[in-house]
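Notes to accompany the following structure.
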Amino acid sequence: MASNKKVKKSIITVPKGMHDILPDGQPLWEKIRKIAKETADFYNFSRIDTPILERAELFERSLGETSDVIEKQMLVIRGKGRDSLALRPEGTAPIARAYIENGLSRLGQPLKLYYEGPMFRHEQPQAGRFRQFHQVGFEIISNDSDPIYDAQVIIASYRFLQDLKIKDLNLQLNSIGCAKCRPVFRKKLIDYYSSKEKSLCGDCRRRLRLNPLRLLDCKNGGCVALKKESPSILDTLCYDCKRHFKKVLEFLEEVKLPYTLNQFLVRGLDYYSKTVFEIFTEGSGLALAAGGRYDYLLEMLGKYAPGVGGAAGLERLVEVIKSKGVNLLGRPKPKVFLIHIGDLAKVKALSLIETLRESGLDILESLGKESLRAQLKAADKASSTLSLIFGQQEAFEQSIIIRDMKSGAQETVPLKKVVDVLKRRLR
Ligand code: HAM
């Protein structure tokens, strides 16, 4: 029932860190998703969809209890049962879960999967950081840890961004070692930072005990300065990790993908091992895409199956495409607007629309409007190139008027020829 009561402003305000994608923004989003699918198809990644909600424990186990995502950002729903469900903060752990649960190893080795959809993190909203955002991700899961898969994921992620016409890409790479060599590096880091603990920020002092690698990720001025002299993980890698990383670099060089080594790149999620990467564009302080190898993730969940993957944030891509003035949509398709006058024309307009659909022509209309003026205005607003005017007389005579919206010139054509004439004029 209608009510005159004043509606609280907060009720009609989108939750903090979330946003609508309005109709006029949709073409760009559709185009980005289309290019993601084309990239996935080309590199043979099959689509997978997992639920938006998963058991919170899945993420707690796999992303690391001391990661920011688990400590501060996971949105958990406590239901009536014993399980807590979480709005997925990322897509890799759910895919690992789905791989094991559905026995996806039966689909062949390696299994290449891609996904696209919303993720949720309770972050402090700011430019490029949302509480609901969308990712496109590529994952390769196999029974071996072949460096060619690292290269393939990086190449697919890079080509995806290139196909979005984003220029000046900067691919940063590092290796964070394996279960054998990382503890050695961890100890080196603790030794280095212990005498400097007082100069660290509060978070890093805590991280020093719980997860020292994360110290390299801190953006705090004092910590950044200390990081410069810190030991390099690349000097501590074991033979296997060194060989693996060298191979990845060789493969990337083979396809001439430019990269920068960044010894401080450690990533915020704990499931990574060996290769990690982030891709930036000039002027963006935040990564457009990121990922790495996760040889222990599936094992932690019950099945040995090394993997590697990466994901791109669509909001960040949209922002870059807009701010850099990238013309991704090209010239809009010429639009034809159907105008009807009178009841008979209105009824017949419906079947005419179906005929045009069958012949592959796009048509706009405003069948709910009756006056010619209002419909011409709508045709103008939609920037139509041509309009079809279907009046009472035309409906009787099985003809239609084609009007050039720019010059105003009109021609009457028999209804059965309208498809051919339109196709010719739109060519
Ligand atoms: P991530 O680095 O947390 O990695 O996120 C990947 C990308 O998602 C980021 O580079 C960024 O573009 C976007 N992103 C992350 N958080 C936000 C946010 N709050 N607002 C907007 N965009 C955001 C992962 O999620 C891993 N699962 C990637 C991966 C796949 N690793 C292996 N496979």
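For ligands, and for the atoms within them, numbers begin at 1 and follow the listed sequence. Remember, it's a predicted structure, so these values are computed and weren't measured experimentally.
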Angle between ring planes, Trp29 versus His134, binned at 30° and 60°: parallel, tilted or perpendicular?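 Trp29 and His134: perpendicular rings.
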For ligand 1, the portion of [X] having any non-hydrogen atom under 4.0 Å away:
X: Ala289; value: backbone
X: Leu288; value: backbone
X: Arg267; value: side chain
X: Arg131; value: neither
X: Glu278; value: neither
X: Glu315; value: neither
X: Phe120; value: neither

Check whether the side chains of [X] and [Y] place a donor and an acceptor atom closer than 3.5 Å, and report yes or no.
X: Thr260; Y: Asn170; answer: yes
X: Glu229; Y: Tyr192; answer: no
X: Thr92; Y: Tyr271; answer: yes
X: Lys324; Y: Thr281; answer: yes
X: Ser84; Y: Arg78; answer: yes

Distance from [atom] to nearest protein heavy atom, with residue and atom:
atom: atom 13 (C) of ligand 1; result: Gly313 CA, 3.5 Å
atom: atom 11 (C) of ligand 1; result: Arg316 NH1, 3.3 Å
atom: atom 20 (N) of ligand 1; result: Phe130 N, 2.9 Å
atom: atom 27 (N) of ligand 1; result: Glu90 OE1, 2.7 Å
atom: atom 7 (C) of ligand 1; result: Ala311 O, 3.5 Å
atom: atom 6 (C) of ligand 1; result: Gln135 NE2, 3.3 Å

As a check for students: among Tyr294, Phe133, Tyr115, identify the option with a heavy atom nearest to atom 15 (C) of ligand 1.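 Minimum heavy-atom distance to atom 15 (C) of ligand 1 goes to Phe133.
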Taking atom 24 (C) of ligand 1 as the point of reference, which of Val308, Leu269, Thr92 owns the nearest heavy atom? Leu269
Among Leu58, Thr50, Leu53, which residue satisfies the side-chain contact (heavy atoms from CB on, under 4.5 Å) criterion with Arg88?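 For Arg88, the side-chain contact (heavy atoms from CB on, under 4.5 Å) test succeeds with only one of Leu58, Thr50, Leu53, which is Thr50.
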Any atom of ligand 1 sitting under 4.0 Å from a heavy atom of Gly137?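 Judged by the 4.0 Å heavy-atom criterion, Gly137 does not count as contacting ligand 1.
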Contact check, side chains of Ser145 and Lys274, non-hydrogen atoms, under 4.5 Å: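 Of all side-chain heavy-atom pairs linking Lys274 with Ser145, at least one is under 4.5 Å.
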Please report the shortest heavy-atom distance between Pro110 and Ile140, naming the atom on each side.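 Shortest heavy-atom separation between Pro110 and Ile140 comes out as CB-CG2, 3.6 Å.
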